[in-house]
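Down below is the structure, laid out as structure tokens.
From a predicted model like this one, the values you see are computed outputs, not experimental measurements. Side-chain atoms are counted along with the backbone in the values below, which use heavy atoms only and exclude waters and symmetry mates.
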Amino acid sequence: MFLPGGLKFVSTVVDVEGDTMVETVAPDPVVSAAASGRARPIVLFVCVHNAGKSQMAAAIMQQLAGGLVDVRSAGTDPDAQVHDLSAIAVAELGADMSNQVPTRLEPRMLTAADRIIVLGDEARVDAVEGMRAPIETWLIPDPADQGIDGLQRVRLMRDDIAERVRKLMQAMTDKREGEK
């Protein structure tokens with residue numbers, strides 16, 4: 001997808017071992033936000049229950065963005081409340097998700113977003129008409145597969161998510177700085 005003036009944004013989805021999974025061409029989220037009249041790009045994080053991974057990603061992005069990004073999260077089959085261990089783990093980084101409530105993913109969220117990140121391969125998100133962003137997938141390994149449980153498990157996933165969010169925020173910040 002190309003924007004006016006031929007601008008494009010290339011997004012690469014990479015798993016934890018560094019193997020490229022998907023490469024898409026999409027509108028740049030900063031340029032998209034400006035073109036739509038919004039001051040801030042919208043980043044949407046999605047997982048199945050919107051109680052752990054996507055909430056942690058949103059809380060960390062909110063902390064890092066300092067108001068530069070409108071951060072949202074949703075789930076394809078949301079739980080009733082956020083996972084306590086996820087809230088504890090993200091609080092250890094100084095971010096807060098304790099007052100968040102899992103939300104069901106709606107088509108309007110997809111069409112509003114400039115960046116759509118699905119955390120893990122369990123959530124199934126289909127494109128809807130009017131979307132301006134591709135659906136990106138971050139494959140987040142589950143330490144439970146290696147017998148690691150409890151808070152240690154959640155911390156390992158949090159650290160993986162936090163590193164990816166930092167890279168995403170840096171890429172968005174670098175793009176914004178390049179336009180000044």
Side-chain angles (χ1 to χ4, degrees), residues 1 3 7-34 38-48 50-75 82 86-87 89-97 100 105 109-110 112-123 125 131-143 145 148 152-180:
M1 180 182 288
L3 295 170
L7 296 173
K8 65 180 179 177
F9 178 74
V10 177
S11 172
T12 302
V13 179
V14 179
D15 73 11
V16 76
E17 284 82 34
D19 298 325
T20 300
M21 302 302 295
V22 176
E23 185 169 277
T24 58
V25 177
D28 179 277
V30 175
V31 175
S32 253
R38 284 183 282 107
R40 302 180 304 165
I42 297 171
V43 176
L44 173 64
F45 293 103
V46 181
C47 67
V48 174
N50 191 223
K53 293 181 287 223
S54 60
Q55 289 282 1
M56 287 193 291
I60 293 165
M61 176 64 100
Q62 191 70 41
Q63 178 190 36
L64 294 174
L68 296 176
V69 177
D70 185 353
V71 183
R72 302 175 186 181
S73 71
V82 298
S86 295
V90 83
E92 292 174 347
L93 298 181
D96 183 22
M97 60 183 253
Q100 298 303 311
L105 179 65
M109 296 172 169
L110 295 169
D114 296 298
R115 234 17 219 272
I116 302 166
I117 312 291
V118 178
L119 290 93
D121 60 359
E122 301 87 11
V125 180
M131 285 177 48
R132 47 177 188 270
I135 297 168
E136 301 174 51
T137 300
W138 290 352
L139 300 178
I140 309 295
D142 190 341
D145 295 340
I148 302 169
Q152 183 182 5
R153 170 185 171 257
V154 177
R155 284 177 176 144
L156 290 168
M157 288 191 299
R158 174 210 60 201
D159 292 346
D160 184 356
I161 292 166
E163 182 60 27
R164 293 169 192 252
V165 169
R166 280 186 204 97
K167 288 178 181 176
L168 173 62
M169 188 62 212
Q170 185 63 51
M172 293 175 72
T173 302
D174 288 348
K175 177 63 181 170
R176 188 170 281 239
E177 290 297 318
E179 292 177 353
K180 289 183 180 179

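Remark: Leu119 CG to Ile140 CD1 distance equals 5.0 Å, nearest 0.5 Å.
Take Gln62 and apply the side-chain contact (heavy atoms from CB on, under 4.5 Å) test, not counting sequence neighbours, and it matches Val71. Under the side-chain contact (heavy atoms from CB on, under 4.5 Å) criterion, Ala59 pairs with Val90, Ala95, Met97, not counting sequence neighbours. Remark: Glu92 engages Arg155, Arg158 in a salt bridge (Lys or Arg N to Asp or Glu O under 4.0 Å) (not counting sequence neighbours). For Gln152, there are no side chain to side chain donor-acceptor pair (under 3.5 Å) partners two or more places apart in sequence or in a different chain. Residues passing the side chain to side chain donor-acceptor pair (under 3.5 Å) test with Asp96 are Ser98, sequence neighbours excluded. Among residues two or more places apart in sequence or in another chain, the side chain to side chain donor-acceptor pair (under 3.5 Å) test is passed with Asp142 by Arg153.
Residues Met172 and Leu68 fail the side-chain proximity criterion, which asks for heavy atoms closer than 4.5 Å. Between Leu44 and Leu105, the closest side-chain pair of non-hydrogen atoms falls below 4.5 Å. Counting heavy atoms from C-beta on, the side chains of Ile117 and Arg164 never come closer than 4.5 Å.
The heavy-atom pair separating Leu168 from Val43 by the smallest distance is CD2-CG1, 4.2 Å. Nearest approach of Ala123 to Cys47, heavy atoms of both residues: CB-C, 3.8 Å. When all heavy atoms of Met169 and Leu64 are compared, the closest pair comes out as CG-CB, 4.2 Å. Closest approach of Ala162 and Ile60 over heavy atoms only: CB-CD1, 3.8 Å.
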Q) Under the side chain to side chain contact (heavy atoms under 4.5 Å, CB included) criterion, do Phe45 and Ile161 qualify, and how do the steps go? A) CA-CA 11 Å; Phe45 293 103; Ile161 292 166; over 6 Å; no
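Under a 4.0 Å N-O distance rule, the pair Glu122/Lys53 qualifies as a salt bridge.
Remark: the backbone N or O of Gly94 is paired with a side-chain donor or acceptor of Gln63 at under 3.5 angstrom. Of the possible polar contacts, none joining the Arg115 side chain to the Ala133 backbone as a donor-acceptor pair under 3.5 Å is found.
Annotation: salt bridge (charged side-chain N to carboxylate O under 4.0 Å, His left out) contacts involving residues 56-67, sequence neighbours excluded, are absent. Applying the side-chain hydrogen bond (donor to acceptor under 3.5 Å, both in side chains) rule to pairs touching residues 65-75 yields Asn50-Ser73, Asp70-Arg72, sequence neighbours excluded.
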